[in-house]
Amino acid sequence: MICLALNKLTTPDDARALLQTAVGVEFGTLPPYLYALYSIPPNTNADSSLLIRSVALQEMIHMCLACNILNALGGSPEINVQPYPGPLPGDIGPNGTPLTLHLLPFSKEAMSQAMAIEEPENPPDYPVKTTAALGDLAQKAVTIGQFYDALDKFLATLPAASWTANRNQIVDDQFFPGQLFAVNNYADAHRAITQIVSEGEGSSEGTVYNPLDFQDQPAHYFRFGEIFQERVLTKGPGSKLGYAWGPERFAVTWPVAGHVIADPGSHDFSKEPAAAQAAQAACNLAFSSMIIALQRAVIGIEGALGEAVRFMFDLRMAALHAFSVPLNSGQVAGPAFLYVSNIVGGK
Amino acid sequence: MSVLETPRIYFKGQVSWDPVTTNNYSFNYDETNCTTILPKDLPSIQDDVQKFREDAVTQIVTQGNWDPHGTYRSSFYDAAVCGFDLGMGTSTDDPFSTSAVNFSGMLVDLEPFGAYTSQLFFDSMSFGVPGGYCIQLPRNSRMTARQINFGRNISKHAAIAGIASVVWATTFAKDEGLQINALDSEILSKFNEALKADDVLGLSVRINAYRTIYYDNAALTNGSDAMKKEAQALATKIANGGFQPNPARSHIVGVLGLWRTGEPAHEPGDRALVQVGANPVVGGGAARCNDSSLVIDLSNSVPEIDEALMKQDLGTLSVVAVDDLGTVQQTLGSIPYTSYDRSAYEASAGLVTLPLTPGILPKIASLNLQVNSSQETILREQAFRAIPMPPNFYLDQNVPAEASFQVYQHGVAAGSGVNFQLNQMSADGSTVEKTIPMKTDSRGMAKLSLSGISAGITAYVPSFTPDEVPAPPNGLNTQINTYMYVRVLPADLNIAALPPTWPNVYRYVLSNWNAMAPCMDNWLRLDDPAQIRAYTSILKRLTDPAAFEHFRFMPITRDMSVGMRSLLYLWLDSPSDPEAELPSRVRLLKKGRQPSALAMDEDEPSLSLESMTQTELSRSMRGGVKGN
């Protein structure tokens, strides 16, 4: 479980700091999800690919929404790259030990990690149990949802003058129709936060937990859960909010373990074949270019989001290629999501 | 189709449209030969492609080419079930209400220069979520646009196709993977029950798309300074680099209902209510009766009058049945404004239900339905309709084929011996080139043999009476006529016979789409022979004619000839030639191009919307002269 440090909120600066953490959290979830997604062997696990991709896209939207709130409050979002393995920014963990995120190829372990990232405060114990490892993580703590809830409550107390309309906003006129909107006031910020939490964790009606988001789609935790459990999250007949895993199977073909290395950022590629080194370099170049463009986009540069998306596609192509290039061991490695600063226009 | 009977489900939301628009212009694209018209005076084919891309960006401002970086994708968003009808009126009291409606398709015009032949190629549609209340609908046939209404938006705040609305329809076969998870939903249970009937083939969906806006700006009008400013901003954005799609978006209302034997798969086959007069007040509709009710589909009919989408108040409408002389034989009911205003329209997808007097059904079966405002008749039934199968037909040159027209009389399949005329028309629908006499068989069908001798695009428009004959200058009238479009792709035997080298493959095949669709750079570099070879198996799978209906079929525009495909495959199957297979220099990110190089055309021609013919209106929504 991700448990974020929640400092006392008393000033707009506090809120801006918290929002910067939120930007980091949303962005920081992407590399683990994308590593698992891109590692799925071609022509396999179409349904799993679809689910993971849908979550990754929503995390990108969440990051943009968090940037929009921060911009509306006069802040300047920063896109910071974190190392993997490593914790998400602000994560202090349920017992003072943050969750160390790894770049894991598509596997039960990767889905377990994803569920841990998205885990709500009191995850429902549906009839087919989650794993013991996940059970260990199910503790009361300041989850991402609680983090946003505290932020939302504080934002509600800010005077209207704290908000600047139309400041450096990213909207949906090119990408993500209907999902990305400008934040011009508290009402918009509240809507954004509700969307982020709902899509990530689901929602509660009193004491009854609803695993569906505001669009009646399974929240992220449960999308990963479907893959992990290999069962479709299924509504129990006659019960408004009662669900179970299955009985319908969610088809998953787990790839052979060990073919794809984990945490390529920790791997020494200097002794690997030139092709593998080149593949890593291409990934890093595309990722770094994307970061540069994204940074420009979140501070309001017109057209920069389109540049970032273009580099994101480059990263995808580079990643798919990297997963096909053998290392000396016969294994393969995907993108390490490393930022290289010596490219034109670097940060 | 019987979305007009119950049970039926209503939904509403929005849809984004992101087609590449560069092929809407005859100076960019040859729709007969299926080739991109590249500049020819440059040192290499790569320069030609690069220049073509740059010109396409310039044309945003000078020609209204509003989406050169389009992806062809169209997706529903904010779309959800909003009600249902079990035969007792519109209700929302069911757990299935509010379920999301999911759809994503590729928007392709068979005839790219006009607005008559839009299609959505897709794999599936769904309502709700697997594991919960849901309807999963694998594709039976592509979604087809018909009955475009050029008079729908009279708010004066409309640009490009913003004046129009259109009916989209398709069907889903119950034996092809259609699944309904009803749980405790009454409406879904009713559907499951209804699907058991032998004469129910599956489900049909009918959607009305309206209030289309561009540049995410509902206030734009053609030729305005604001439009020029938006166009310039997009051109600048693209010139500065990156991937810069510019999707349009529309509102939609829709209805999901049953599909019965004998009903068309892709457009309404109900009793057709067509608009009346030289200056029609409303767009056409449809109607269906049973023993106790008459349902009128006004989803494509009543105009919106302002940006807030208020419906035009035509007062209380009366519905009558008239004989061939126009004499009223039966009065059927009335429709107050509150039954067709914005609120009612969005709640029940434009469908209006009137109770019928018991026993009246047989009396009106052969009469013509008519809808009157207090001033005039606004809709009148067209007794005979010939609906083509398929509506948009792709052929390969020199491969003969047969198409059918199913004739309906008052919404029911006609019998044998019904004569009508098939008007073979020019691709823009303006000119009748030839007339073909047709006669129905015992099933009410008439066959048309297509030789496929010549490459090109042809419209076939049935007419039953002199009034319906499409005549210049207006030609094909989408509100009156049904029609089939046939596109014969050239054989390109000369291309097939070329040596299978990379230069030939690029010049005669891939450069067409490398120039026209920069979005492809995101998925596959068509100018990179190594990458193309690496994707050989995927490329063959995606370009296989057997996958023609699939969402991911390539090219999305469905305009690769047999000869082109043959050359491409020969090259893919040949050994690599490193010396010949050099990547081109085409780049999406072209740095150094200055926005100031994009000239504004202050003299962009335009016409009065009121005086434009349907052909001109159709062309204006693509590459033609815009209306104002």
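Below, read A as the first sequence line, B as the second, and so on, with proteins coming before strands; counting in each chain starts at 1.
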Per-residue contact mode, [X] against chain B (heavy atom under 4.5 angstrom):
X: A/Asn43; result: side chain
X: A/Leu320; result: side chain
X: A/Phe250; result: neither

Would you give the length of the straight line joining atom [atom1] of [X] to atom [atom2] of [Y], rounded to the nearest 0.5 angstrom?
X: B/Asn181; Y: A/Glu248; atom1: CG; atom2: CD; answer: 8.0 Å
X: B/Tyr133; Y: A/Lys235; atom1: OH; atom2: NZ; answer: 4.5 Å
X: A/Arg310; Y: B/Cys519; atom1: CZ; atom2: SG; answer: 10.5 Å

Of all heavy-atom pairs between [X] and [Y], which one has the smallest distance, and what is that distance?
X: B/Val129; Y: A/Gln217; result: CG2-OE1, 4.0 Å
X: A/Glu307; Y: B/Asn240; result: OE2-O, 3.9 Å
X: B/Arg249; Y: A/Asp173; result: NH2-CA, 3.7 Å
X: B/Asn522; Y: A/Met317; result: O-CG, 4.0 Å

Measure distances from [X] to the heavy atoms of chain A and classify the residue's part below 4.5 Å as side chain, backbone, both or neither.
X: B/Asn102; answer: side chain
X: B/Thr71; answer: neither
X: B/Tyr535; answer: side chain
X: B/Gln244; answer: both

Relative to each other, are the rings of B/Phe243 and A/Phe313 parallel, tilted or perpendicular (30° and 60° limits)?
perpendicular
Measure from the side-chain N and O atoms of A/Gln174 to the backbone N and O of B/Pro245, and report whether any donor-acceptor pair falls under 3.5 Å.
yes
Heavy-atom pairs under 4.5 Å with chain A: which of B/Gly131, B/Pro130, B/Gly128 has the most?
B/Gly131
How about CZ on A/Arg316, more than 12 heavy atoms from neighbouring residues, nucleotides or ligands closer than 6.0 Å, or not?
yes
Which one, A/Ser324, A/Gly303, A/Pro218, leads in non-hydrogen pairs under 4.5 Å with chain B?
A/Gly303
